[in-house]
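Chain identifiers are assigned alphabetically (A, B, ...) following the order of the sequence lines, protein sequences preceding nucleic acid strands; residue numbering begins at 1 within each chain. This one's a predicted model, so the numbers in the text were calculated from it and none came from an experiment.
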Number of protein chains: 2
Amino acid sequence: MNGRFAISMHILTLLAKAGSEWLTSDFLAGSININPVLVRKEIGNLRRNGLVVSREGKNGGSQLAKSARQIQVSDVFLATRQGAFLGTSRNTPNPNCPVGKDINQHLDNLYQEAEEALIQKLGDCTLETFSHRFA
Amino acid sequence: MNGRFAISMHILTLLAKAGSEWLTSDFLAGSININPVLVRKEIGNLRRNGLVVSREGKNGGSQLAKSARQIQVSDVFLATRQGAFLGTSRNTPNPNCPVGKDINQHLDNLYQEAEEALIQKLGDCTLETFSHRFA
DNA sequence: ATAACTGTAACAATAAATACTACACTATGA
DNA sequence: TCATAGTGTAGTATTTATTGTTACAGTTAT
C-alpha cells in the first residue's frame with residue numbers, strides 16, 4: 001500500500017485553504033514532510049486529472065483547478081488508485097486448476113462492485129467539507 | 001499493496017469446493033502458484049480468525065471451519081486487512097502546520113466511514129456464492 | 001540577466017512482500 | 001515402533017515497490 005492518496009489529499013487540502021495563492025512544491029513538501037520532487041510528481045498527476053493547475057517560473061506554484069466544493073474525495077481516489085484495489089497475487093495462478101484458471105477474473109468482478117460502493121461513499125464528501133475540518 | 005486478500009480468497013474457494021476433504025498446503029500452493037510456507041502462514045491467520053481448521057500429521061491439511069454459506073467476503077477482508085486501507089504517508093507530517101498536524105486523524109475518520117460502506121458491500125457476498133462462480 | 005520556480009529523467013536508498021531452507025513437532029498406519 | 005507425510009514457525013535471502021535524491025533543462029517575473 002502506498003501513500004499517494006494520503007499525499008494527494010494533503011496537497012489538495014493545503015491548496016483549498018490557500019484559495020487563489022500559488023503554493024510552491026517546497027512549501028507543500030514542508031507540511032507533508034516529503035521530498036519536493038515527489039510533490040511535483042503527485043501534482044502532475046492531479047493536474048492530468050483536472051484537479052489542479054500549475055504555473056511555471058518565478059512566483060509559480062499550484063492552485064485548485066476548480067472550487068473545493070466541486071471536488072469530491074472520490075475524484076482523488078480515482079486519480080490516485082492503481083491496480084486492483086484489494087490486491088492480487090503476484091504470480092499467475094495455475095491455469096490447469098478450475099479455480100486458479102478463473103480466480104483473477106472473479107476477483108476483478110468482485111472488486112469492481114466493491115469499488116463502486118466505495119466511490120459512492122467517497123462521493124458524499126467534498127474537498128470543501130474535508131478541508132473545513134481543519135483549524 | 002500485498003496479495004493477502006486474494007490469496008486467502010483463493011485458499012478459501014478451494015477449501016469450499018473440497019468440502020470435507022483435508023487439503024494440504026502443497027496442493028493449495030500448486031493452484032495459487034506460491035510457496036507452500038506462505039500458504040501455511042496465511043492459513044494460520046485464517047485459523048486464528050475462525051475461518052478454517054487444520055490437522056497436523058500424516059493425512060493432515062485444512063478445511064473450512066464452518067459452511068461456506070456462513071462465511072462472508074467481508075470476513076476475509078477483515079481477517080487480512082492491515083493498516084489504513086487507503087494508505088498513509090510514511091513520514092509524520094509537520095506538526096507546526098495546521099493541516100499537517102491533524103491530517104492523519106481526519107484521514108482516519110474518512111477511512112473508517114469508507115471502510116464501513118465497503119464491509120457492508122462485501123457482506124452481501126458469501127464464500128458459497130463466490131465459489132459457485134467457478135466450474 | 002538573474003532569481004525563483006516547475007517538469008522530468010535517472011539513479012540511489014529504503015522498506016515491504018515474497019520465497020526459501022531448515023527443522024521441531026504431530027499423526028497415521030504398515 | 002518406525003517410516004512417511006503432513007503442519008507450524010523461525011530465520012534468512014531475494015525480489016519488488018516505494019520513496020528519496022541529484023541534476024538540469026525550461027519558464028516566468030522583475
Side-chain angles (χ1 to χ4, degrees), chain A residues 1-8 10-11 14-15 18 21-49 51-63 65 80-94, chain B residues 1-8 10-11 14-15 18 21-30 32-49 51-63 65 80-93:
Chain A
M1 174 73 60
N2 67 27
R4 290 187 51 208
F5 175 82
I7 288 170
S8 285
H10 198 146
I11 292 170
L14 289 165
L15 295 182
E21 266 186 273
W22 296 88
L23 300 185
T24 70
S25 62
D26 255 52
F27 174 82
L28 295 166
S31 171
I32 306 172
N33 191 20
I34 61 173
N35 193 287
V37 176
L38 260 195
V39 171
R40 294 205 288 272
K41 278 182 187 163
E42 220 32 57
I43 281 180
N45 180 53
L46 294 171
R47 191 169 49 242
R48 282 187 292 280
N49 281 271
L51 301 179
V52 312
V53 289
S54 305
R55 204 166 65 168
E56 296 189 357
K58 191 167 179 181
N59 301 335
S62 299
Q63 57 180 219
T80 57
R81 70 125 169 236
Q82 46 200 346
F85 93 114
L86 289 173
T88 49
S89 173
R90 245 169 15 192
N91 303 323
T92 51
N94 187 342
Chain B
M1 171 75 61
N2 68 25
R4 290 187 52 208
F5 174 81
I7 288 171
S8 285
H10 196 147
I11 291 170
L14 289 165
L15 294 181
E21 267 187 273
W22 296 89
L23 301 186
T24 69
S25 62
D26 256 51
F27 174 82
L28 296 166
I32 306 171
N33 191 20
I34 60 172
N35 194 285
V37 176
L38 257 198
V39 172
R40 294 205 286 273
K41 278 182 187 161
E42 218 34 56
I43 282 180
N45 180 54
L46 294 171
R47 192 169 50 242
R48 282 187 292 279
N49 281 271
L51 301 179
V52 312
V53 289
S54 305
R55 205 166 65 168
E56 296 188 359
K58 192 170 178 178
N59 302 334
S62 300
Q63 57 180 219
T80 56
R81 71 125 168 234
Q82 46 200 347
F85 92 116
L86 289 173
T88 49
S89 173
R90 246 169 15 193
N91 303 325
T92 51

Over how many whole Å does the gap from A:E42 atom CD to C:dG7 atom P extend? 13 Å
Does atom CZ (A:F27) have a neighbourhood of more than 12 heavy atoms from anything else shown, all under 6.0 Å? no
Below 3.5 Å, can you tabulate the donor-acceptor pairs from side chains in residues 29-39 of chain A to any protein atom, sequence neighbours excluded?
residue, atom, partner, partner atom, Å
A:S31, OG, A:H10, NE2, 2.8
A:N33, ND2, B:T92, O, 3.0
A:N35, OD1, A:V37, N, 2.9

Separation of B:L38 atom CG from D:dT12 atom P, in whole Å? 18 Å
Of all residues at least two apart in sequence or in a different chain, which pass the salt bridge (Lys or Arg N to Asp or Glu O under 4.0 Å) check with A:R4? A:E42
Residues at least two apart in sequence or cross-chain that pass side-chain hydrogen bond (donor to acceptor under 3.5 Å, both in side chains) with A:N91, listed by chain then number, are none
Measure CG/B:N45 against P/C:dA17 and give the value in whole Å, please. 14 Å
Validation row: A:I43, A:L28 side chains within 4.5 angstrom (heavy atoms): yes
Heavy-atom side-chain contact between B:R48 and B:N45 under 4.5 Å: yes
Using whole Å, report how far CG of A:N35 lies from P of C:dA9. 16 Å
Of the options B:V52, B:V53, B:L23, which is the one that meets B:Q63 in a side-chain contact (heavy atoms from CB on, under 4.5 Å)? B:V53
Under 4.0 Å protein heavy-atom contacts per nucleotide of nucleotides 5-11 of chain D, with B for base, S for backbone only and - for none: BBBBBBB
Could you check how far CZ of A:F5 sits from P of D:dT18, rounded to whole Å? 16 Å
Output the rounded distance in Å from CD (A:Q63) to P (C:dT6). 13 Å
Apply side-chain hydrogen bond (donor to acceptor under 3.5 Å, both in side chains) to A:R90 and list each qualifying residue two or more places apart in sequence or on a separate chain. none
Approximate separation, where rounding is to 0.5 Å, of A:L86 CG and B:S8 OG: 12.0 Å
A:R90 has an atom CZ; how far is it from atom P of D:dT18, in whole Å? 10 Å
Inter-axis angle, terminal five-pair segments of the helix from C:dA1-D:dT30 to C:dA30-D:dT1 [nearest 10°]: 10°
Spacing of A:N91 atom CG relative to D:dT14 atom P, expressed in whole Å: 18 Å
Do any side-chain nitrogens or oxygens of B:N2 fall under 4.0 Å of OP1 or OP2 in C:dA17? yes
